[in-house]
2 protein chains.
Amino acid sequence: MCHHCNYNSILKTSELSPTPNRLKILEIVGNNNRPLSAQDIFETLSRSEEINRVTVYRILDLLVEKGVIDRISSGGRSFHYGLAPNKNHPSHPHFYCKLCGNLECLNPEGVHLEIEQIIRTFPGVIEKVEVRLDGVCKICLRNNKKFSNH
Amino acid sequence: MCHHCNYNSILKTSELSPTPNRLKILEIVGNNNRPLSAQDIFETLSRSEEINRVTVYRILDLLVEKGVIDRISSGGRSFHYGLAPNKNHPSHPHFYCKLCGNLECLNPEGVHLEIEQIIRTFPGVIEKVEVRLDGVCKICLRNNKKFSNH
DNA sequence: AGCATTATGCAAATGATTTGCAAAATGTCA
DNA sequence: TGACATTTTGCAAATCATTTGCATAATGCT
Ligand SMILES: [Mn+2]
Ligand SMILES: [Mn+2]
Ligand SMILES: [Zn+2]
Ligand SMILES: [Zn+2]
């Protein structure tokens, strides 16, 4: 969720012309407090615009390619998308609820990750680090007594 | 890769009868040095046995459900499977190569992860933590000069 | 306006996984 | 052992997310 970003200028500095669709998709991704699936984004956008699902996929691919957004794997079958980390938005872990399928952003303070050693010694190129916790979210926990223990 | 595990008894203590197919699939997963996709496992098994792909999926689901193996998300579209962490096999991060699609196990020493705070404060149930590094592996790096910088 | 480039839509294809249902294998017990 | 229940497997088809091919529309540039 960002109130500081000028999405228009982000697109321009990323070599992407700020077309209405790109701008709207970037806004949807950026103004949300959790990473959204392509389907989520398509549905949200469809409420106000006429747009094809494939266009959404293509724009998401573009934004990922240019490093504007991150493709985040959930514990399920679909990818989710969130703003790529930058000075305003530090990289942070996510939580995936296996019951409702929602992915939520976690506070970066809550998890400490040290990867210096691996970065020094790894013989390939490391471009991205993903930390994901899986389990049952607060809401599903309330609705599903059987998961309260264990 | 495990030389200490008795897969047969692992199955039994997990309330699963040790059928030949279950045993073979668990051996393939357990004796491999990286997490395999269902397709990998199916192909490996098919070299010696006649088995249906769906049976592989179903056995993998069972083993995941019983906590014998972990379903690990790659940076791509398919899940991979590896032995669930236990006393002999500590939990560890993985590396996904976006070019060849391979997933490899990383040394648990190379990455330090502290999640006590999130575990204390998170209002749901945390069952699993996944750390994945994405990029280009050593081999693809060698074959693909254009990735050597950047 | 004329022409090249880019963005979008639509239908169909693909890849991974899941489901439904029936047959085969295995277990139980009289 | 034979009858019956339960479990495991196979096969075909369905589902879901994503991608591709190709045609049209929109935009940018001279
Ligand atoms: Mn996030
Ligand atoms: Mn591993
Ligand atoms: Zn939930
Ligand atoms: Zn590779």
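Model, not experiment: these values are computed from the prediction.
In this model, the phosphate group of dT8(D) is not approached by any side-chain N or O of T19(B) to a distance below 4.0 Å at OP1 or OP2. For dT8(D), the OP1/OP2 oxygens have no side-chain nitrogen or oxygen of N21(B) closer than 4.0 Å.
The backbone N or O of T19(A) sits nowhere less than 3.5 Å from a side-chain atom of S17(A) that would complete a donor-acceptor pair.
The CZ atom of R77(A) sits 10 Å away from the C1' atom of dG15(C) (whole-angstrom rounding). Rounded to an integer number of Å, the gap from OH of Y57(A) to P of dA13(C) is 18 Å. Spacing between atom CZ of R53(B) and atom P of dA16(C) amounts to 8 Å, rounded to whole angstrom units. Atom CZ in R22(A) sits roughly 7 Å away from atom C1' in dA7(C) (whole-Å rounding). With rounding to whole Å, N52(B) atom CG is found 16 Å from dA16(C) atom P. If you take CG of L63(A) and C1' of dA7(C), they are 14 Å apart, rounded to a whole angstrom. If you take CZ of F42(A) and P of dA17(D), they are 12 Å apart, rounded to a whole angstrom. Between L60(B) atom CG and dT17(C) atom P the separation is 9 Å, expressed in whole Å.
For N52(B) and T55(B), the side-chain atoms include no donor-acceptor pair closer than 3.5 Å. Defined by atom type and a distance below 3.5 Å, a donor-acceptor pair is missing between the side-chain atoms of Y81(A) and N32(A).
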Carefully, step by step, assess H112(A) and L113(B) under the rule side chain to side chain contact (heavy atoms under 4.5 Å, CB included).
CA-CA 6 Å; H112(A) 223 261; L113(B) 182 69; over 6 Å; no
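Residue contacts for S17(A): at a heavy-atom cut-off of 4.0 Å it reaches the sugar-phosphate backbone alone, with no base atom in range. Nucleic acid contact class of E50(A) (heavy atoms, under 4.0 Å, all strands): sugar-phosphate only.
Contacts between residues 68-76 of chain B and DNA chain D, counted as heavy-atom distances below 4.0 Å, involve no residue at all.
In the hydrophobic cluster analysis, where Ile, Leu, Val, Met, Phe, Trp and Tyr join through side-chain heavy atoms closer than 4.5 angstrom, F79(B) is grouped together with I28(B). Cluster annotation: L62(B) is connected to L45(B) through the hydrophobic network of ILVMFWY side chains, with a link wherever side-chain heavy atoms come within less than 4.5 Å.
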List every contact pair, protein side and nucleotides 19-28 of chain C side both N or O, where the distance is under 3.5 Å.
{"unit_1": "dG20(C)", "atom_1": "O6", "unit_2": "R58(B)", "atom_2": "NH1", "d": "3.4"}

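Ion pairing between a basic and an acidic side chain is recognised when a charged N comes within 4.0 Å of a carboxylate O; R132(A) and E130(B) show such pairing.
Take H94(A) and apply the ring-ring contact (aromatic ring centres under 6.0 Å, His included) test, not counting sequence neighbours, and it matches H92(A).
Counting non-hydrogen atoms of other residues, nucleotides and ligands closer than 6.0 Å to CD of E116(B) gives a total above 12.
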